[in-house]
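Below: the structure, in structure tokens.
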Amino acid sequence: MSAVPVSELDAYSVRLRRMHEAVTGGERSVDEAPRNVISASWRRSLDAGIDPEVSSAPLAFEGEDIREIRSAHPLNELLPLVTETLLEATKESAHILMVADAEGRVLWRDGNHQIMDRADEVGLADGFHWGESAIGTNGMGTALETRRPVHIFAAEHLVKVLHLWSCSAAPIVDPDSGDVLGCIDVSGPTRTLHPATVALVEATARLAESHLTLRMIERDERLRSRHDKHLRALHGEPGALVTMTGRIVSGDHTRQWGHRIRLPETGDQVVLPGGQAALLEPLGDSFLLRLPGRAHGGPVLTLSFLGAERPSAHLDGVRLSLSLRHAEILALLALNPQGMTADQLSFHLYGDAGNPVTIRAEIHRLRAQLGPTVAAKPYRLVCTVEADFLDLRRLLATDEASPVGRGYGGPLLPRSEAPTLRRIREELEGQVRARLLLRGGPDDLWAYAETEYGKNDMNILERLVAMLPRGDHRAVAARIRLAGINLP
């Protein structure tokens with residue numbers, strides 16, 4: 001932020017030009033230096049080889065690529081929030097509004113059309129690179145470098161052609177990973193952009209981060225609902241549910257592990273604080289962190305088959321590598337705890353074209369992984385079975401909607417073409433949608449809309465738009481998705 005009072009800006013501008021000429025002229029010592037954030041940025045910029053005489057920021061993205069790059073960026077879904085907060089005021093005050101990625105490359109720009117024409121001359125436009133290493137001291141680049149909001153005034157820019165401009169920028173930090181995602185910037189002619197603009201830009205960036213935090217909390221809740229059974233299978237021994245970014249979101253006896261772990265680049269070995277070794281088991285959308293070598297009473301088979309392109313199974317916390325066919329067999333045995341004959345399994349998997357001999361061969365290979373937990377005559381699972389699709393069936397037997405919304409991770413074995421499993425999949429999907437549309441609140445509907453198979457469900461999205469305030473980020477996202485569905 002600016003440390004120079006507005007009343008002193010004219011005098012500061014004169015002194016600043018003198019400082020700029022001295023520093024860019026190569027003087028080793030100067031009588032007066034700009035404020036610390038600018039001095040440090042000038043040093044970084046000069047060390048990066050920035051020429052103060054360049055006429056424009058360099059182009060990073062070609063015009064035909066920018067739309068695809070923008071749509072794939074995590075800030076894309078926040079654009080409606082940013083524009084609703086800042087764009088109207090930006091246009092009225094003859095300024096421009098920009099959103100850049102973590103490198104300082106402009107993803108999106110809008111604002112006063114006359115000012116945008118002038119901005120094109122220096123590259124304040126979509127696709128241009130405004131990192132400090134590309135164009136020196138400026139709002140976007142310096143905010144990203146320092147991870148703090150900043151107002152850059154006139155000759156505080158290292159590049160001379162930018163001295164007619166001032167800018168206010170603030171970074172947006174991902175609360176999940178802790179990484180900078182990008183920044184928001186308002187730029188305009190020096191005489192019209194008030195230094196206090198940085199406070200409004202910062203407030204908008206914090207609002208964007210609050211929406212990211214809300215989404216993170218929602219994802220964490222879904223992970224806990226979906227995977228806490230893996231922790232229960234540890235029978236009270238130390239273990240944790242860990243996000244793909246290394247955050248611990250649930251666990252027993254793990255306080256000494258902190259709130260985040262460093263994920264290994266390869267392998268499944270983790271060194272915990274204090275030097276203790278632990279194992280990291282992938283769960284598809286998260287990890288199970290556990291200590292090696294635990295022992296308990298009986299085996300526990302955990303199946304995660306909802307929405308899973310690659311079905312996940314664990315035996316006493318140890319991940320199993322399953323083929324789709326073996327996952328289908330386990331699903332049928334879990335759904336029929338009394339057991340099934342080879343003829344019955346063959347019919348449910350293949351229909352009338354099935355062959356019991358094929359089933360016996362598959363069971364033989366499956367028992368090589370599961371051992372005595374798969375019994376014969378009839379084939380059945382003789383262990384504790386915890387399965388997300390069984391949990392969902394139990395939830396659907398109640399009258400509540402919220403647990404159903406949290407517990408539904410997607411269709412049962414979506415790649416399976418087995419006749420019986422396909423029918424069960426369609427029944428579960430229909431029951432979940434009906435329950436949510438009839439009794440679900442906004443949180444329940446949004447949890448379903450965040451699944452791969454619910455994100456473009458028109459009925460769910462229309463219900464969200466009807467129930468939520470217009471400015472709610474979920475309503476904004478639902479309107480954007482509906483617009484995409486309705487495109488010709």
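Note that the coordinates shown come from a computational prediction; the quantities given were computed from them, not determined experimentally.
Nearest approach of Ser250 to Asp228, heavy atoms of both residues: OG-OD1, 3.2 Å. Across all their heavy atoms, Pro171 and Val180 have their closest contact at CB-CG1, 4.4 Å. Counting all heavy atoms, side chain and backbone alike, Arg147 lies closest to Val173 at NH2-CG1, 3.7 Å. Residues Pro52 and Thr24 approach most closely at CG-CG2, 3.8 Å, considering heavy atoms. When every heavy atom of Pro175 is checked against every heavy atom of Leu212, the shortest pair comes out as CD-CB, 3.7 Å. Contact between Asp185 and Cys167 at its shortest, heavy atoms only, is OD2-CB, 3.5 Å.
Between Leu86 atom CG and Leu200 atom CG the span is 5.0 Å, to the nearest 0.5 Å. Separating the CZ atom in Arg310 from the OG atom in Ser304 is a distance of 15.5 Å, to the nearest 0.5 Å. Taking CG from Leu181 and CG from Leu78, the interatomic distance works out to 8.0 Å, rounded to the nearest 0.5 Å. Atom CG of Leu59 and atom CZ of Phe128 lie 4.5 Å apart (nearest 0.5 Å). For the atom pair CZ of Arg425 and CG of Leu306, the computed distance is 11.5 Å after rounding to the nearest 0.5 Å. The line from CD1 of Ile38 to CZ of Phe153 is 11.0 Å long, rounded to the nearest 0.5 Å.
Side chains of Leu272 and Val270 form a contact here, defined as non-hydrogen atoms less than 4.5 Å apart. Side-chain atoms of Met98 and Trp130, non-hydrogen and from C-beta on, never get closer than 4.5 Å to each other. In this structure, the side chains of His259 and Ile248 stay at 4.5 Å or more apart for every pair of heavy atoms. Counting only heavy atoms from C-beta outward, the side chains of Val476 and Leu81 never approach each other to under 4.5 Å. Between Leu428 and Arg393, the closest side-chain pair of non-hydrogen atoms falls below 4.5 Å. Looking at heavy atoms from C-beta onward, Glu209 lies in side-chain contact with Ile172 at the 4.5 angstrom threshold. With a 4.5 Å cut-off on side-chain heavy atoms, His314 and Ser312 count as touching. Side-chain contact check for Glu218 versus Leu214: some heavy-atom pair is nearer than 4.5 Å.
The pair Arg226-Asp285 counts as a salt bridge, with a side-chain nitrogen and a carboxylate oxygen less than 4.0 angstrom apart. A salt bridge links Asp120 with Arg109; the closest basic N to acidic carboxylate O contact falls under 4.0 Å. Checked for salt-bridge contact, Asp126 and Arg70 meet the test: a charged N lies under 4.0 Å from a carboxylate O. Using a 4.0 Å cut-off between charged nitrogen and carboxylate oxygen, Glu450 and Arg215 do not count as a salt-bridge pair. A salt bridge is absent between Arg290 and Glu237; no separation between the charged side-chain nitrogens and carboxylate oxygens falls under 4.0 Å. For Arg247 and Asp220, the salt-bridge test passes: some basic side-chain N is under 4.0 Å from an acidic carboxylate O. Between Glu202 and Arg206 there is a salt bridge, with a side-chain nitrogen of the basic residue lying less than 4.0 Å from a carboxylate oxygen of the acidic one. The pair Arg105-Asp101 meets the salt-bridge criterion, with a side-chain N (NZ, NE, NH1 or NH2) lying under 4.0 Å from an Asp/Glu carboxylate O. Looking at Asp391 and Arg394, a side-chain N of the basic residue comes within less than 4.0 Å of a carboxylate O on the acidic one, giving a salt bridge. Comment: Glu21 does not engage Arg18 in a salt bridge, judged by the lack of any side-chain N to carboxylate O separation of less than 4.0 angstrom.
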Would Glu132 and Thr142 count as a side-chain hydrogen bond (donor to acceptor under 3.5 Å, both in side chains) here? Give the steps. CA-CA 6 Å; Glu132 276 192 349; Thr142 304; 2.8 Å; yes

Just do the side-chain hydrogen bond (donor to acceptor under 3.5 Å, both in side chains) check on Ser166 and Thr190 with the steps written out, would you? CA-CA 5 Å; Ser166 289; Thr190 291; 3.2 Å; yes

Verdict with supporting geometry, Arg118 and Trp165, side-chain contact (heavy atoms from CB on, under 4.5 Å): CA-CA 10 Å; Arg118 292 175 55 185; Trp165 295 84; 4.2 Å; yes

Going through the checks in order, is the side-chain hydrogen bond (donor to acceptor under 3.5 Å, both in side chains) test met by Ser71 and Asn76? CA-CA 6 Å; Ser71 65; Asn76 187 55; 5.8 Å; no

Please lay out, stage by stage, how Arg191 and Leu164 fare under the test side-chain contact (heavy atoms from CB on, under 4.5 Å). CA-CA 8 Å; Arg191 288 293 178 183; Leu164 298 176; over 6 Å; no

Ile261 and Val242: CA distance, side-chain angles, deciding distance, side-chain contact (heavy atoms from CB on, under 4.5 Å) verdict: CA-CA 8 Å; Ile261 65 167; Val242 180; 4.1 Å; yes

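Heavy-atom contacts from other residues, nucleotides or ligands closer than 6.0 Å to CZ of Arg224 number more than 12. Around the CZ atom of Arg319, the shell of radius 6.0 Å holds more than 12 heavy atoms that belong to other residues, nucleotides or ligands. Few gaps surround CG on Asp117; more than 12 heavy atoms of other groups in view lie less than 6.0 Å from it. No more than 12 heavy atoms of other residues, nucleotides or ligands shown are found within 6.0 angstrom of CD on Glu88. Within 6.0 Å of CZ on Arg67 lie no more than 12 heavy atoms contributed by other residues, nucleotides or ligands.
Using a distance-only test at 3.5 Å, with no hydrogens or angles considered, a donor-acceptor pair links the side chain of Asn138 to the main chain of Gly136. In this structure a side-chain-to-backbone donor-acceptor pair under 3.5 Å is present from Thr83 to Leu79. In this structure, the side chain of Asp388 engages the main chain of Phe305 through a donor-acceptor pair within 3.5 Å. Panel note: side chain Ser39, backbone Pro34; a donor-acceptor pair is recorded below 3.5 Å. No donor-acceptor pair under 3.5 Å is formed between the side chain of Arg435 and the backbone N or O of Gly440.
With Arg481 as reference, Leu461 is the one residue of Asp457, Leu464, Leu461, Ile460 to meet the side chain to side chain contact (heavy atoms under 4.5 Å, CB included) rule. Partner of Arg44 under the side chain to side chain contact (heavy atoms under 4.5 Å, CB included) criterion, chosen from Leu158, Thr146, Thr137, Ile50: Thr146.
Relative orientation of the His211 and His473 rings is perpendicular, given thresholds of 30° and 60° on the angle between their planes. The aromatic rings of Tyr448 and Tyr408 sit parallel, their planes meeting at an angle under 30°, below the 60° perpendicular limit.
Side-chain atoms of Asp174 and Ser177 form a donor-acceptor pair, as typed in the model, at a separation below 3.5 Å. No side-chain donor-acceptor contact under 3.5 Å links His95 and Ser187. For the residue pair Thr243 / Ser286, no side-chain donor-acceptor distance below 3.5 Å is found, with atom types taken as modelled. Defined by atom type and a distance below 3.5 Å, a donor-acceptor pair is missing between the side-chain atoms of Thr197 and Ser168. At a cut-off of 3.5 Å, with distance as the only test, a side-chain donor of Thr245 or Asp176 sits close to an acceptor on the other residue.
For an aromatic pair to be called close, the ring centres must be under 6.0 Å apart, and His163 with His157 fails this.
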